[in-house]
Chemist: 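Pasting in a structure now, in structure tokens, and then I'll have a few things to ask.
Whatever order the structure lists ligands and atoms in, that order sets their numbers, starting from 1.
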Amino acid sequence: MAPFTPHCVLVTGGAGFIGSNLVRWLLEHAPDLRVINLDLLTYAGNLESLSDVTTRHGASGDRRYGFVRGDITDLRLVRGLLRDGLQGGRGAPPVPPPDAVVHLAAESHVDRSIMGPAVFVDTNVRGTLTLLEACRAELAERPRPFRFVHVSTDEVYGSLGPGDPPFTEATSLAPNSPYAASKAAADLLVRAYVETFGVPAVTTRCSNNYGPFQFPEKLIPLMITRALADQPLPVYGDGMNVRDWIHVDDHAEALWAVLTRGATGRVYNIGGESEVPNLEIVRTILRALRKPESLIQFVNDRPGHDRRYAMDITRIRTELGWTPRRRLVDGLPATVEWYLTHREWWERVLNEAYRAANALYLEGRA
Ligand code: NAD
Ligand code: TYD
């Protein structure tokens with residue numbers, strides 16, 4: 001199959017952890033590509049994660065990048081972006097109508113989904129539906145080569161026991177948290193829009209990402225930032241839950257492979273082939289920071305806590321030639337180092353983000 005060559009990608013959630021790393025990766029690796037980043041800037045979105053990108057590729061750079069603050073549930077806004085791109089004006093550069101969407105915008109934290117599931121349905125389910133509907137309508141009016149990449153998670157498959165084989169794309173969906181359920185619902189809507197309306201969509205399901213610019217509520221940055229402050233490290237249950245870890249740059253590279261060479265209607269698992277119990281991650285971080293293990297505090301388990309995730313990545317490896325390249329033994333210390341040298345980023349994120357989050361939740365969106 002001939003590769004698909006996108007000219008302009010609409011990235012949703014580009015100010016989040018994976019989104020900001022992906023936007024940077026795309027602009028570096030695809031020299032002719034333009035990127036529009038649509039992000040609501042919730043507590044998890046942060047334009048400071050993209051300040052280098054804005055300088056290099058925004059209005060005063062090579063003009064390949066533009067940002068729009070907005071909600072993926074806003075159909076008018078999304079339809080306008082797909083139809084017109086960015087018009088420019090007030091010194092901002094025009095960016096042409098996108099011929100691809102890479103959809104990452106989401107509420108992404110399991111613990112928050114347990115405290116307040118409604119916003120997860122709103123953003124992850126209704127937001128995905130809105131994007132699909134906007135693409136369907138746009139392509140009906142102005143047919144053109146197009147791809148929609150829906151970025152999903154291994155969590156839709158549920159939980160594995162210690163001896164179970166890894167998840168394949170044929171594994172049944174069995175989500176256990178409201179977060180996972182909302183992502184699974186979105187996956188099924190994507191499938192329905194492919195089958196019913198012929199929207200050229202592909203779904204990816206990836207395991208746990210780590211790397212720079214991850215919000216310090218997720219395991220790795222939470223443990224690093226708390227250990228640096230000599231605060232207790234809350235390990236859920238017995239600490240023996242297993243996650244498969246992948247460096248965020250490997251995920252970005254996999255998304256590019258899927259965008260340019262993936263078959264529409266297909267699902268691709270993405271993983272790091274790196275299964276590690278949580279306690280081992282926490283101990284490695286403590287060793288890297290020369291902090292004592294006495295900081296570890298076992299706390300009540302997360303309700304519905306999935307025991308183990310593992311991904312079979314045969315399909316993406318054999319069909320698209322992608323394979324994870326960064327090893328956790330190198331990537332985890334490098335990530336610890338990144339948080340050590342970017343204190344300003346995470347200290348500000350923690351202060352400002354939590355204030356903004358509270359405002360958002362008080363406004364009744366959650
Ligand atoms: P994140 O929470 O860091 O970022 C999410 C981004 O989406 C934020 O910038 C936020 O402002 C934006 N957003 C939220 N609601 C929005 C809305 N209504 N409209 C527009 N923008 C909105 O998340 P992440 O960890 O970068 O994850 C990105 C995507 O990848 C998610 O879809 C997630 O389900 C998926 N995923 C994440 C992982 C992981 O390990 N982090 C693994 C597999 C899949
Ligand atoms: P997390 O980073 O929230 O990702 P996910 O739940 O989507 O896999 O959590 C990773 C693992 O770490 C998960 O098994 C829960 C555990 N965990 C803790 O033990 N303590 C914590 O404070 C957090 C945030 C997570």
Side-chain angles (χ1 to χ4, degrees), residues 11-22 37-47 49-50 68-74 77-78 102-114 119-120 122-124 126-128 130-131 150-156 159 176-177 179-180 182-183 186-187 204-211 213-223 226 232-246 248 251 255 270-272 276-279 281-282 296-302 304-309 311 349 353 356-357 360 365:
V11 174
T12 71
F17 163 49
I18 301 172
S20 60
N21 282 287
L22 175 70
N37 173 11
L38 170 62
D39 196 297
L40 185 59
L41 300 182
T42 68
Y43 79 94
N46 181 5
L47 288 181
S49 307
L50 288 165
V68 178
R69 185 175 192 180
D71 196 325
I72 56 165
T73 63
D74 182 343
L77 171 68
V78 179
V102 181
H103 170 38
L104 299 105
E107 288 292 332
S108 68
H109 190 44
V110 172
D111 292 327
R112 284 178 185 259
S113 82
I114 295 168
V119 72
F120 284 72
D122 207 27
T123 297
N124 300 1
R126 197 159 69 84
T128 304
T130 307
L131 292 169
H150 170 60
V151 179
S152 188
T153 164
D154 56 2
E155 306 194 22
V156 298
S159 183
N176 292 317
S177 70
Y179 163 68
S182 70
K183 294 295 290 189
D187 290 16
T204 60
R205 297 189 179 129
C206 189
S207 59
N208 287 61
N209 285 225
Y210 70 94
F213 299 111
Q214 187 168 29
F215 191 83
E217 67 184 352
K218 303 280 166 55
L219 180 74
I220 289 178
L222 182 89
M223 296 301 167
R226 288 185 68 89
L233 310 186
V235 171
Y236 300 161
D238 62 2
M240 295 311 289
N241 298 65
V242 171
R243 296 292 181 264
D244 168 49
W245 293 97
I246 179 173
V248 65
H251 189 186
L255 291 175
I270 301 169
V276 187
N278 295 335
L279 201 51
I281 295 280
V282 175
I296 293 174
Q297 191 173 76
F298 290 95
V299 299
N300 285 345
D301 210 352
R302 172 189 277 172
H305 195 177
D306 288 335
R307 192 63 176 170
R308 175 180 163 235
Y309 303 140
M311 291 295 251
V349 161
L360 198 69
R365 264 202 98 255

Chemist: Please state which option from Ile18, Thr12, Val68 has its nearest heavy atom closest to atom 24 (P) of ligand 1.
Modeler: Ile18
Chemist: Ignoring angles and geometry beyond distance, decide whether Tyr43 reaches within less than 3.5 Å of ligand 1 through its nitrogen or oxygen atoms.
Modeler: no
Chemist: Is a side-chain donor-acceptor pair under 3.5 Å present for Arg243 with Tyr210?
Modeler: no
Chemist: Ignoring hydrogens, just give me the one of Asn124, Val151, Leu219 whose non-hydrogen atom is nearest atom 35 (C) of ligand 1.
Modeler: Val151
Chemist: Does the side chain of Ser108 pick up a donor-acceptor pair with the side chain of Lys218 at under 3.5 Å?
Modeler: yes
Chemist: Taking both backbone and side-chain atoms of Gln214, is any N or O found less than 3.5 Å from an N or O belonging to ligand 1?
Modeler: no
Chemist: Spell out, as yes or no, whether a donor-acceptor pair under 3.5 Å connects the side chain of Asn21 to the backbone of Phe17.
Modeler: yes
Chemist: Judging by distance only, is a nitrogen or oxygen of Tyr179 under 3.5 angstrom from one on ligand 1?
Modeler: yes
Chemist: Is the backbone N or O of Arg205 less than 3.5 Å from a side-chain atom of Asp154, with the two atoms forming a donor-acceptor pair by type?
Modeler: no
Chemist: I'd like to check Met240 versus Asn278 (side-chain heavy atoms, cut-off strictly below 4.5 Å). Are they in contact?
Modeler: no
Chemist: Quick one about His150 and Thr204 (side-chain donor to acceptor, distance below 3.5 Å, no hydrogens or angles considered), yes or no?
Modeler: no
Chemist: Using 0.5 Å steps for rounding, measure from the CZ atom of Arg126 to the OG1 atom of Thr73.
Modeler: 4.5 Å
Chemist: So which heavy atom on Phe215 is nearest to which on Pro221, and how close?
Modeler: O-CG, 3.5 Å
Chemist: If you count the atoms of ligand 1 from 1 in the order shown, which ones are under 4.0 Å from a heavy atom of Gly70?
Modeler: 19 (N), 20 (C)
Chemist: Below 4.0 angstrom from a heavy atom of Ser152, which ligand 1 atoms are there? Numbered from 1 as shown, please.
Modeler: 43 (C), 44 (C)
Chemist: Indicate yes or no: does an N/O atom of Phe17 lie under 3.5 Å from an N/O atom of ligand 1?
Modeler: yes
Chemist: Does Glu107, backbone or side chain, put an N or O under 3.5 Å from an N or O of ligand 1?
Modeler: no
Chemist: Under 4.0 Å from any heavy atom of Gly45, which atoms of ligand 1 are there?
Modeler: 8 (C), 9 (O), 11 (O)
Chemist: Does ligand 1 have an atom under 4.0 Å from some heavy atom of Gly14?
Modeler: no
Chemist: Any protein N or O within less than 3.5 Å of an N or O in ligand 2? List each pair with its distance, or say none.
Modeler:
unit_1: ligand 2; atom_1: 2 (O); unit_2: Leu219; atom_2: N; d: 2.8
unit_1: ligand 2; atom_1: 3 (O); unit_2: Arg302; atom_2: NH2; d: 3.0
unit_1: ligand 2; atom_1: 4 (O); unit_2: Asn208; atom_2: ND2; d: 3.4
unit_1: ligand 2; atom_1: 6 (O); unit_2: Arg302; atom_2: NH1; d: 2.5
unit_1: ligand 2; atom_1: 6 (O); unit_2: Arg302; atom_2: NH2; d: 3.4
unit_1: ligand 2; atom_1: 7 (O); unit_2: Glu155; atom_2: OE2; d: 2.5
unit_1: ligand 2; atom_1: 8 (O); unit_2: Asn208; atom_2: ND2; d: 2.9
unit_1: ligand 2; atom_1: 8 (O); unit_2: Arg243; atom_2: NE; d: 2.8
unit_1: ligand 2; atom_1: 12 (O); unit_2: Asn278; atom_2: ND2; d: 3.4
unit_1: ligand 2; atom_1: 14 (O); unit_2: Arg243; atom_2: NH2; d: 3.2
unit_1: ligand 2; atom_1: 14 (O); unit_2: Asn278; atom_2: ND2; d: 2.9
unit_1: ligand 2; atom_1: 14 (O); unit_2: His305; atom_2: NE2; d: 2.7
unit_1: ligand 2; atom_1: 19 (O); unit_2: Tyr236; atom_2: N; d: 2.9
unit_1: ligand 2; atom_1: 20 (N); unit_2: Pro234; atom_2: O; d: 2.7
unit_1: ligand 2; atom_1: 22 (O); unit_2: Pro234; atom_2: O; d: 3.3

Chemist: Of all the atoms in ligand 1, which lie at a distance below 4.0 Å from a heavy atom belonging to Cys206?
Modeler: 42 (C), 43 (C)
Chemist: Measure Leu40 to ligand 1 on non-hydrogen atoms and call it side chain, backbone, both or neither using the 4.0 Å cut-off.
Modeler: both
Chemist: Any nitrogen or oxygen of Ser108 lying under 3.5 Å from a nitrogen or oxygen in ligand 1? Just yes or no.
Modeler: yes
Chemist: With nothing but distance in play, are any N or O atoms of Asn209 less than 3.5 Å from an N or O of ligand 1?
Modeler: yes
Chemist: Find the distance between CG (Asn241) and NE2 (His305) and round it off to the nearest 0.5 Å.
Modeler: 3.5 Å
Chemist: So is there a nitrogen or oxygen of His251 less than 3.5 Å from a nitrogen or oxygen in ligand 1?
Modeler: no
Chemist: Between the side chains of Asn176 and Asp306, is a donor N or O closer than 3.5 angstrom to an acceptor N or O?
Modeler: yes
Chemist: Please answer whether the main-chain N or O of Leu77 pairs with a side-chain N or O of Asp74 as donor and acceptor at a distance below 3.5 Å.
Modeler: yes
Chemist: Does the ring center of Tyr236 lie less than 6.0 Å from the ring center of Phe298?
Modeler: no
Chemist: Between Leu104 and ligand 1, is there a nitrogen or oxygen pair with a distance under 3.5 Å?
Modeler: yes
Chemist: If only side-chain N and O atoms count, and only distance matters, is there a donor-acceptor pair under 3.5 Å linking Asp187 with Ser152?
Modeler: yes
Chemist: Please list, chain by chain and in numerical order, all residues satisfying side chain to side chain donor-acceptor pair (under 3.5 Å) with Tyr179, sequence neighbours excluded.
Modeler: none
Chemist: Nearest to atom 7 (O) of ligand 1 by heavy atom, Ser20, Ala106, Gly16: which?
Modeler: Ala106
Chemist: Which atoms of ligand 1 have any heavy atom of Leu41 under 4.0 Å away?
Modeler: 11 (O)
Chemist: Measuring from the heavy atoms of Asn208, does anything fall under 4.0 Å of ligand 1?
Modeler: yes
Chemist: Does some non-hydrogen atom of Gly127 fall short of 4.0 Å from ligand 1?
Modeler: no
Chemist: Just verifying a value: how many Å separate Arg112 CZ and Glu107 CD, rounded to the nearest 0.5 Å?
Modeler: 7.0 Å
Chemist: Relative to the heavy atoms of Lys183, which atoms of ligand 1 are at a distance of less than 4.0 Å?
Modeler: 31 (C), 32 (O), 33 (C), 34 (O)
Chemist: State, yes or no, whether a side-chain contact exists between Leu131 and Val78 at a heavy-atom distance under 4.5 Å.
Modeler: yes
Chemist: Quick check: does any side chain N or O of Asn209 sit under 3.5 Å from a backbone N or O of Ser207, one acting as donor and the other as acceptor?
Modeler: yes
